[in-house]
Amino acid sequence: MQVFDKIISDRGSRYAVSGGAAKNRDEVAALLAELKRNKRFAKATHNSWAAILGGEPVKDDDGETGAGALMLQMLERARLQDHVVVVTRWYGGKHLGGDRFRHVADAVRHYLRETGLGD
């Protein structure tokens with residue numbers, strides 16, 4: 001699993017992005033468990049994730065409504081299959097409104113760029 005921490009900060013909220021190869025939900029669960037072994041990630045407000053596993057889109061917003069759907073769109077555009085991407089947010093006390101979607105998208109772009117997995 002690759003982790004890019006402290007990539008975005010806005011009004012107290014902080015973001016990280018991580019991911020790794022996963023062929024099924026069990027492998028996604030194992031990667032999430034690995035990530036959450038780090039107490040900081042376990043205590044995050046949201047660990048939203050998305051993946052296209054065997055051609056089937058799967059996601060979990062983890063309370064960050066709409067984040068998973070946005071992430072799935074980006075993974076589909078990048079043609080990234082059998083790989084999970086997790087966007088982690090630590091809520092900073094101030095609502096970000098629509099900016100939170102921009103931050104989720106920026107985090108996924110960061111991951112795709114840094115790993116060389118984007119088209």
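All of these numbers come straight from a predicted model, not from anything done at the bench.
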Heavy-atom side-chain proximity of Val17 to Val85 below 4.5 angstrom: yes

Linked, directly or transitively: Met1 and Ile52 (ILVMFWY side chains, under 4.5 Å): no

Same cluster (ILVMFWY, side-chain, under 4.5 Å), Val84 and Leu72: no

Within-4.5 Å side-chain heavy-atom neighbours: Tyr91 and Leu96: no

Any pair counted as salt bridge (Lys or Arg N to Asp or Glu O under 4.0 Å), so long as it reaches residues 80-106, sequence neighbours left out: Arg11-Asp99, Glu64-Arg89, Glu64-Arg100, Asp99-Arg102, Asp106-Arg109

Under the ring-ring contact (aromatic ring centres under 6.0 Å, His included) test, residues paired with His46 that sit two or more places apart: none

Hphob cluster co-occupancy, Val86 + Leu117, side-chain heavy atoms under 4.5 angstrom: no

Heavy-atom side-chain contact between Leu80 and Leu112 under 4.5 Å: yes

same_hphob_cluster(Trp49, Leu75) at 4.5 Å side-chain heavy-atom cutoff: no

Ser48 versus Asp61, side-chain donor and acceptor atoms under 3.5 Å: no

Tyr111 and His83 side chains, donor-acceptor separation under 3.5 Å: yes

Under 3.5 Å: donor-acceptor pair, side chain of Ser9, backbone of Arg14: no

Rounded distance (nearest 0.5 Å) linking atom NE2 of His103 with atom CG of Leu70: 12.5 Å

Euclidean distance, Tyr15 OH relative to His110 NE2, rounded to 0.5 Å: 15.0 Å

Under 3.5 Å donor-acceptor, Asn24 side chain and Glu27 backbone: yes

Could you list the donor-acceptor pairs under 3.5 angstrom formed between side-chain atoms of residues 31-44 and any protein atom two or more places apart in sequence or on another chain?
| from | atom 1 | to | atom 2 | distance (Å) |
| --- | --- | --- | --- | --- |
| Asn38 | OD1 | Arg40 | N | 2.9 |
| Arg40 | NH2 | Asp5 | OD1 | 2.8 |
| Arg40 | NH2 | Asp5 | OD2 | 2.8 |

Flag side-chain contact, heavy atom, 4.5 Å: Met74 against Met71: no

Same cluster (ILVMFWY, side-chain, under 4.5 Å), Val108 and Ile8: yes

Value rounded to 0.5 Å, distance of CD in Glu56 from CD in Gln81: 10.0 Å

